[in-house]
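Atoms within each ligand, like the ligands themselves, are counted from 1 in listed order. FYI, the numbering just counts along the sequence from 1.
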Amino acid sequence: MLIDMELCGVCGTDIHLYGGNMKVPFPVIPGHEFVGRIKEIGEGAEKMEAKGKYLAEDDLVAVVPGTNLFCGTCYFCRLLPHKPTYCTNRRVMGVNLSSGEPPHLLGGWAEEVFVDAAHYFVYKIPDGVPAEVAVLTEPMAVSSRAIERAYSPGIQTSIKGFRSDDSVVVQGAGPIGLLAIATARIAGAGRIIAVDMVDDRLEIAEKLGADYVIDMRSFTDRGSRVAEVKRLTSGIGADVVIECAGVPAAFAEGIELTRRGGRFVEVGHYTDPGNVEINPHTICMKDVDILGSWAYPPAQFDTALQFLERGMDDLPMTEIITHKFRVTNAARSIETVRSRKGIKMVITP
Ligand SMILES: [Zn+2]
Ligand SMILES: [Zn+2]
């Protein structure tokens, strides 16, 4: 299918790609968070299931950027085929997929995107969800998967894992953190506490469901933030902590913020900003679960769309997008992200 791109997110990965910090098979068209309308659709693609309906021209769709062409030869493809993101040779549109060969149009920062529907998961956007919200599907998949990582189905009596009414701390209120806050809110969390140091972010964190915000400019050291989280959680620490800041120090701090027997999910360090000192005794004594969350299974797009749709009922989901740049001005979007202005940038055709 040929897709008329409507909006495509700018993400941390794009910053690294643009900065030349990633080994990719150039030429690459950036953009892995796109939403657009089907302009032309092939016969085979028309027969593809889209939740009881079939894809058709004019449908607004989001595409899982990771191709389903798994290599089939690596350890993970052979032994963990249900974990497609582990494939050693994984290809992601807009990241490490070359546009050098026909059909060339394999990235979202463009007017048109070519999608071989047989090799991608294509999700129809529910009616009533505008492109400004649907463009958040990919980051929402990352965030909702991070929250779901903390679930423990079936062992409620152990008071382990995320349960409704649990206290949740989200460290870092960038796009991923904000969507984690919204997910926690919609999923029935109790007290949600956001930690950040940028006015715009703290403000929208509250609008998206944070009951409390901890401003790092007022709570300047780790000890004061740990004390504040304890104060807000009956003196025991948070049931669940989601690290979305991508700063090594936040990882060490997040373990401190988690209660004994609680869950700490690391989703912010998609790239590698370095190391941090950890006290193993704390981990042992707290009997804490530390979980990594890397990308998402393709079907997470369905969950993400449901969360976005439900979020629209009472959360200002449209306010997450603060800046739009035309494809021809894409470099400016990168500079704007680097200058830490705004929340989420998107590219328009
Ligand atoms: Zn991304
Ligand atoms: Zn593989």
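Nearby protein atoms of type N, O or S around the Zn ion (ligand 2) amount to 4 (distance under 2.8 Å).
Residue Asp239 forms a salt bridge (charged side-chain N to carboxylate O under 4.0 Å, His left out) with just one option from Arg163, Arg259, Arg263, and that option is Arg259. When each of Glu33, Glu319, Glu132 is paired with Lys344, the salt bridge (charged side-chain N to carboxylate O under 4.0 Å, His left out) condition holds for Glu33 and for no other. The side-chain hydrogen bond (donor to acceptor under 3.5 Å, both in side chains) test with Ser293 singles out one residue from Arg145, Glu148, Arg149, and that residue is Arg145.
Under the 30°/60° scheme for interplanar angles, the aromatic rings of Trp294 and Tyr270 are found to lie parallel.
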**Asked** How far apart are the C-alpha atoms of Phe70 and Phe76, what are their side-chain angles, what is the distance that settles it, and do they pass the ring-ring contact (aromatic ring centres under 6.0 Å, His included) test?
**Response** CA-CA 10 Å; Phe70 312 123; Phe76 301 102; over 10 Å; no
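Enclosure of atom CZ in Arg332 is not indicated, since only 12 or fewer non-hydrogen atoms of other residues, nucleotides or ligands lie within 6.0 angstrom.
Excluding waters, the protein N/O/S atoms found under 2.8 Å from the Zn ion (ligand 1) are Cys11 SG, His32 NE2, Glu33 OE2.
Under the 3.5 Å distance criterion, with hydrogens and angles disregarded, a donor-acceptor pair is assigned to the side chains of Tyr296 and Glu138.
For Arg225 and Asp215, the salt-bridge test fails: no basic side-chain N is under 4.0 Å from an acidic carboxylate O.
Taking the six-membered ring where the residue is Trp, the centroids of Phe264 and Phe251 are separated by under 6.0 Å.
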